[in-house]
J.: 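Sharing a structure, written as structure tokens. Questions coming.
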Amino acid sequence: MIIDGKQIAKQLRISIADQVAMLDRKPGLAVILVGDDPASAVYVRNKDNACKEVGFYSEKINKPEDITQAELLAEIERLNKDDKIDGILVQLPLPSHIDANQVVETINPNKDVDGFHSENIGKLMQNKPYLRPCTPKGVMTMLATTGVDLVGKNCVVVGASNIVGRPMAMELLNARATVTICNSKTTDLSAKIRQADVLVVAVGIPKLIQGDWIKAGAIIIDVGINRLDDGSLVGDVDFALAKDKAAWITPVPGGVGPMTIATLLENTLTAYNTIEEK
Ligand code: NAD
């Protein structure tokens, strides 16, 4: 069966919009875009539109490519103190003269709706999660819709980046699964995949995962987004073959992608509720 990320994300947005409709002050999200990378601009526009759709207050802040580190940090400090703003997101990647790590660490951890601040990553590691990275958290929401109990399952995560693979592995460990993390140096990847009751792939290589590697009845989550020469979008898994062996599988597009933005809204509402409770 297909795990329909578009539909699950829509339900999540409806639920968020219902909650926002009852609030006096609206949750506020600020998204900072540095430079004019077209792909980043599209992501930022989509996030801004999603905010408007659920009734959030949103600020889209465009900064020039040549902004200095100090100017960018000052902008974040301003937003840290702004009572209208509950969530701050700096669109990555940043230009090479900017220290992205220092930028993320300057965001107030209570407004860190991307969940990348070391304090929030540390909480996830300690199984005391607060604001959790959006893509892996969105995957957990998708997995929950299958009704499959993750406890004791063999989960394989392919890809070990800070934004997807590593926090994904922690999410699954926190759900009491047995987790294997693979990276570009992993030997005999196919043998690991064949053991996977749950497979999450976040690499960025089309058809890296071949259909005949999939364990019968597995759940397959394909986070990869790759644009082919003909303009079409595909994931990292050979979907046509894998879908016949898997019990559940996400499509690309229409799988994990829509969940990432819906989860960003969910995180912003969480940050808002924490601020309001204080
Ligand atoms: P990244 O380049 O930061 O990390 C890729 C990881 O894959 C690394 O850990 C690397 O060691 C590993 N890897 C590379 N080749 C491998 C191989 N042959 N076998 C096993 N592992 C290998 O990428 P990222 O930022 O984590 O993104 C991964 C993919 O997910 C990309 O296609 C990206 O576009 C997509 N993505 C999608 C969403 C979404 O919302 N759907 C969000 C983030 C990223």
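Read the numbers this way: they start at 1 and go in the same order the structure lists the ligands and their atoms.
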J.: Using non-hydrogen atoms of the residue, decide whether Ile163 is closer than 4.0 angstrom to ligand 1.
T.: yes

J.: What residue among Asn154, Thr180, Ile209 forms side chain to side chain contact (heavy atoms under 4.5 Å, CB included) with Leu199?
T.: Ile209

J.: Quick test: of every protein heavy atom, which one is nearest to atom 20 (C) of ligand 1, and how far off is it to 0.1 Å?
T.: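 The protein heavy atom lying closest is Asn183 O, 3.1 Å.
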
J.: With atoms numbered from 1 as shown, which atoms in ligand 1 lie under 4.0 angstrom from a non-hydrogen atom of Val158?
T.: 20 (C), 21 (N)

J.: Among all protein heavy atoms in this structure, tell me which lies nearest to atom 10 (C) of ligand 1, with the distance rounded to 0.1 Å.
T.: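 It is Ser184 N, 4.0 Å.
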
J.: Nearest non-hydrogen contact with atom 23 (O) of ligand 1 belongs to which option: Val203, Leu189, Asp222?
T.: Val203

J.: Looking only at protein heavy atoms, which one is nearest to atom 37 (C) of ligand 1, and what is the separation?
T.: Val223 O, 3.1 Å

J.: Within 4.0 Å of atom 27 (O) of ligand 1 (strictly less), any protein heavy atom?
T.: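 Under the 4.0 Å cut-off, atom 27 (O) of ligand 1 has no protein heavy-atom neighbours at all.
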
J.: Under a 4.0 angstrom heavy-atom cut-off, which atoms of ligand 1 come close to Thr260?
T.: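 Taking each heavy atom of Thr260 in turn, ligand 1 has 39 (C), 40 (O) under 4.0 Å.
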
J.: Need the ligand 1 atom indices (1-based, order shown) with element for anything under 4.0 Å from a heavy-atom of Ala160.
T.: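 Heavy-atom distances to Ala160 below 4.0 Å select 6 (C), 8 (C), 9 (O).
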
J.: With the threshold set at under 4.0 angstrom, would you say Gly257 reaches ligand 1 through any of its heavy atoms?
T.: yes

J.: Please determine whether the number of non-hydrogen atoms from other residues, nucleotides or ligands lying under 6.0 Å from atom CG of Asp230 exceeds 12.
T.: yes

